[in-house]
Amino acid sequence: MTGIRLTAPAPGWAIDADVVVVGSGVAGLTAALRCAAAGLDTVVVTKARLDDGSTRWAQGGIAAALGEGDTPEQHLDDTLVAGAGLCDEEAVRTLVTEGPDAVRRLIGTGAHFDTTDSGDIALTREGGHHRRRIAHAGGDATGAEISRALVGAVREAALHTIENALVLDLLTDAEGRTAGVSLHVMGEGQHDGVGAVRAPSVVLATGGMGQVFSATTNPSVSTGDGVALALRAGAEVSDLEFVQFHPTVLFLGADSEGQQPLVSEAVRGEGAHLVDAGGVRFMVGQHELAELAPRDIVAKGITRRMHEKGAEHMYLDARHFGARMWEQRFPTILAACRAHGIDPVTEPVPVAPAAHYASGGVRTDLRGRTTVPGLYACGEVACTGVHGANRLASNSLLEGLVFAERIAADIAEAHPPRTEPADAPGDAGAPVPLLSPEARTAIQRTMSRGAGVLRSADSLATAADELEALHREAAADADGSKAVVPGVDAWEVTNLLLVSRVLVAAAREREETRGCHWREDRPDRDDAHGRRHLVVRIAPDRTPVVHRTETAAFPPVRPSD
């Protein structure tokens with residue numbers, strides 16, 4: 001344990017449970033439902049409303065070998081290729097073999113996927129897939145339908161939920177084992193202020209950290225809270241340098257910041273073309289799959305063409321779809337484009353890459369266990385080894401399903417006894433100086449300039465210096481009259497700084513181009529040295545410590561494994 005914690009009041013209230021699940025996307029709600037079904041007293045904590053996480057923004061769908069002629073082995077092959085030599089093959093095999101039945105169980109929970117005239121699940125293709133294996137709902141509203149079904153199931157099961165609550169830190173017992181979490185309820189809900197949920201098993205399913213960048217497809221709640229909590233608790237994170245930038249995000253202007261509208265990869269899967277201002281399909285000849293190459297390749301192709309042409313964006317041309325297909329297959333995207341004055345039926349859509357998905361995260365084994373006993377992680381906050389250096393399109397929802405079920409099974413089997421936390425967060429540990437909420441924009445701009453799609457030794461060094469200056473400034477202010485008052489905005493930006501510092505430390509260490517980590521100064525893959533994972537932890541002095549694994553395999557999460 002690091003002894004590091006956020007500066008926050010001591011909990012003023014507490015409730016007891018067997019399991020606390022933090023997050024309400026596909027991973028969190030699946031884990032909670034399975035734990036409750038196993039007879040475990042389960043509490044769900046979520047930062048906004050139950051249906052406000054990243055899952056509901058997922059447009060494309062969920063990948064699984066459900067179609068005629070498709071097999072888990074083919075799905076495995078496509079995933080390994082996309083992961084650029086860093087996928088854990090055993091984790092991928094687990095995903096693709098258990099995935100089809102997990103999707104069927106999701107359907108049994110009440111999710112309705114689009115079907116063909118014959119009643120079979122309708123399947124489409126996305127980048128990196130050689131088969132049509134993407135199940136979708138509402139045309140391009142898959143995440144919203146999955147969220148609706150799972151939230152409905154949680155409410156029907158009458159699970160104890162705490163909404164509008166920001167998780168702060170992990171509680172531990174005298175032996176350093178998980179004993180719950182501290183959290184702050186933001187003015188709404190059944191509790192007010194800082195409190196605690198005491199439980200021997202904690203499942204982190206907090207989603208991503210896209211808000212470390214200026215432009216992202218992630219909602220505003222995606223501030224890396226789960227990764228930051230895990231780091232402060234002494235857990236290891238891995239592969240954080242591999243941030244996937246979605247190639248086709250609606251371009252709203254060079255100065256646009258915050259959450260940007262996504263134009264799903266499924267649009268290209270149905271035959272849309274990427275073109276420059278002259279109408280040239282620049283991805284043809286760059287990869288055998290052209291516009292349907294893995295996301296890192298398409299994002300790089302777009303960025304290169306932008307540089308060649310001195311342009312701020314490229315175009316996605318799907319005028320040949322016609323109005324009927326746009327309205328039936330992609331109604332959400334059509335509405336978003338038209339809301340910004342663009343009609344995809346009659347004109348190409350301006351697009352540019354934006355931060356989308358963290359392929360790395362809190363390091364786990366195949367049962368979702370982290371390096372801290374009793375702490376689990378699943379979904380985007382976790383690094384299971386499935387995604388490697390670049391996530392294959394639509395594997396994220398499937399990963400959330402499969403590994404959430406595995407976590408619930410492990411907790412039900414272990415059923416650890418409840419223990420008292422050794423110390424309340426307000427009484428022990430080294431409080432982290434809080435940043436002023438105004439620092440959020442500075443962090444995002446630093447990360448976008450220095451650790452965005454294009455990186456180099458110089459850009460990363462500058463980013464590291466700027467982040468370190470913010471870190472030192474906060475520490476200096478904490479000792480004087482400028483100390484920041486604890487609150488949601490201050491806690492979020494402090495989490496953003498921590499995960500940004502760790503991401504940059506890993507990106508500086510990876511001196512090669514691999515997957516979605518693109519070093520301009522190191523344009524080639526270095527398989528002799530680069531097929532290794534970078535594992536990072538935080539030292540008690542809050543310095544990131546980076547360790548390179550000896551092989552492409554993950555080390556065990558605990559010595560006994």
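Keep in mind that what you see is a predicted model, and the values were worked out from it rather than measured.
Between L168 and L229 there is no side-chain heavy-atom pair separated by less than 4.5 Å. By the 4.5 Å heavy-atom criterion applied to side chains, D410 and R369 are counted as neighbours. Side-chain contact check for T216 versus Q444: every heavy-atom pair is 4.5 Å or farther apart. Taking 4.5 Å as the limit, every side-chain heavy atom of E291 sits out of range of all side-chain heavy atoms of V298. V227 is not listed as a side-chain neighbour of L498, based on a closest heavy-atom distance of 4.5 Å or more. A heavy-atom distance below 4.5 Å is found between the side chains of L375 and L204. Using a 4.5 Å heavy-atom cutoff, the side chains of V203 and V20 are not in contact. V499 places a side-chain heavy atom less than 4.5 Å from the side chain of V212.
In this structure, the side chain of T248 engages the main chain of V263 through a donor-acceptor pair within 3.5 Å. A donor-acceptor contact shorter than 3.5 Å is absent between the side chain of R532 and the backbone of H529. The backbone N or O of I411 lies less than 3.5 Å from no partner atom in the side chain of S201, so there is not a single donor-acceptor pair. Between the side chain of T543 and the backbone N or O of A539, no donor-acceptor pair lies under 3.5 Å. S459 contributes a side-chain N or O that, together with a main-chain N or O of S456, makes up a donor-acceptor pair within less than 3.5 Å. A donor-acceptor pair is defined here as one N or O able to donate and one able to accept, closer than 3.5 Å; such a pair exists between the side chain of N218 and the backbone of G210. No donor-acceptor distance shorter than 3.5 angstrom exists from the side chain of S214 to the backbone of S448, with no hydrogens or angles considered. For D521 (side chain) and A457 (main-chain N/O), a donor-acceptor pair under 3.5 Å exists by modelled atom type. With hydrogens and angles disregarded, no donor-acceptor distance shorter than 3.5 Å links the side chain of W518 to the backbone of D296. Here the side chain of R363 pairs no donor or acceptor atom with the backbone of A382 at under 3.5 angstrom.
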Would R519 and L460 count as a side-chain contact (heavy atoms from CB on, under 4.5 Å) if you check the C-alpha gap in whole Å, the side-chain angles of each, and the deciding distance to 0.1 Å? CA-CA 10 Å; R519 288 280 298 259; L460 290 166; 3.9 Å; yes
Show your reasoning for whether side-chain contact (heavy atoms from CB on, under 4.5 Å) applies to D524 and E512. CA-CA 6 Å; D524 300 319; E512 62 162 353; over 6 Å; no
Residue pair D527, R514: steps toward the salt bridge (charged side-chain N to carboxylate O under 4.0 Å, His left out) verdict: CA-CA 9 Å; D527 281 338; R514 181 180 297 273; 2.8 Å; yes
Run R268 and E265 through salt bridge (charged side-chain N to carboxylate O under 4.0 Å, His left out) and show every step you take. CA-CA 5 Å; R268 282 174 281 137; E265 198 154 304; 3.4 Å; yes
Would R304 and E308 satisfy salt bridge (charged side-chain N to carboxylate O under 4.0 Å, His left out), going step by step from the backbone distance to the final call? CA-CA 6 Å; R304 282 196 190 101; E308 289 169 7; over 6 Å; no
Residue pair Y376, T178: steps toward the side-chain contact (heavy atoms from CB on, under 4.5 Å) verdict: CA-CA 10 Å; Y376 296 79; T178 294; over 6 Å; no
Under the salt bridge (charged side-chain N to carboxylate O under 4.0 Å, His left out) criterion, do E492 and K47 qualify, and how do the steps go? CA-CA 11 Å; E492 281 188 335; K47 195 172 179 181; 2.7 Å; yes
Please test L454 against K300 for side-chain contact (heavy atoms from CB on, under 4.5 Å), starting from the C-alpha separation and ending with a verdict. CA-CA 9 Å; L454 295 175; K300 290 170 189 174; over 6 Å; no
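No more than 12 heavy atoms of other residues, nucleotides or ligands shown are found within 6.0 angstrom of CG on D255. The number of heavy-atom neighbours closer than 6.0 Å to CZ of R531, taken from other residues, nucleotides and ligands shown, is 12 or below.
The pair E257-R445 meets the salt-bridge criterion, with a side-chain N (NZ, NE, NH1 or NH2) lying under 4.0 Å from an Asp/Glu carboxylate O. Comment: R501 engages E468 in a salt bridge, judged by a side-chain N to carboxylate O separation of less than 4.0 angstrom. Using a cutoff of 4.0 Å between basic side-chain nitrogens and carboxylate oxygens, R133 and E126 are not scored as salt-bridged.
Paired with T370 under the rule side-chain contact (heavy atoms from CB on, under 4.5 Å), one option of T364, V237, D365 passes, and it is T364. Under the side-chain contact (heavy atoms from CB on, under 4.5 Å) test applied with V92, the options D88, V96, T94 reduce to a single match, V96. No option in R295, H387, H246, E380 other than H387 meets the side-chain hydrogen bond (donor to acceptor under 3.5 Å, both in side chains) test with Y357.
Closest approach of A408 and A31 over heavy atoms only: CB-O, 4.0 Å. Contact record, C383 with D239: SG-OD2, 3.8 Å, taken as the closest heavy-atom pair. Closest approach of A63 and A393 over heavy atoms only: CB-O, 4.1 Å. The two residues R508 and A464 come nearest to each other via the heavy atoms NH1-CB, 3.4 Å. Among all heavy-atom pairs drawn from A233 and V372, the shortest one is O-CG2, 3.8 Å. In this structure, V402 and G99 approach most closely via the heavy-atom pair CG2-CA, 3.8 Å.
Of the inter-residue distances, the one linking F245 atom CZ with C516 atom SG reads 8.5 Å to the nearest 0.5 angstrom. With rounding to the nearest 0.5 angstrom, the CD atom of E98 is 11.5 Å from the CG atom of L401. Here L496 contributes atom CG and T223 contributes atom OG1; the two are 5.5 Å apart, rounded to the nearest 0.5 Å. Rounding to the nearest 0.5 Å gives a distance of 9.0 Å between CD of Q244 and CG of L392. Considering CZ of R522 and CD of E511, their distance stands at 4.5 Å, rounded to 0.5 Å. Atom NE2 of H129 sits about 12.5 Å away from atom CG of D77, to the nearest 0.5 Å.
Taking the centre and axis of the six-membered ring of F282, the NZ or CZ atom of R305 falls outside the cone set by 45° and 6.0 Å.
The closest side-chain donor-acceptor pair between H75 and N395 falls under 3.5 angstrom. T217 and H356 are linked by a side-chain donor-acceptor pair at a separation below 3.5 angstrom, with hydrogens and angles left out of the test. Between E466 and T446, the side chains place a donor N or O and an acceptor N or O closer than 3.5 Å (distance only, hydrogens not considered).
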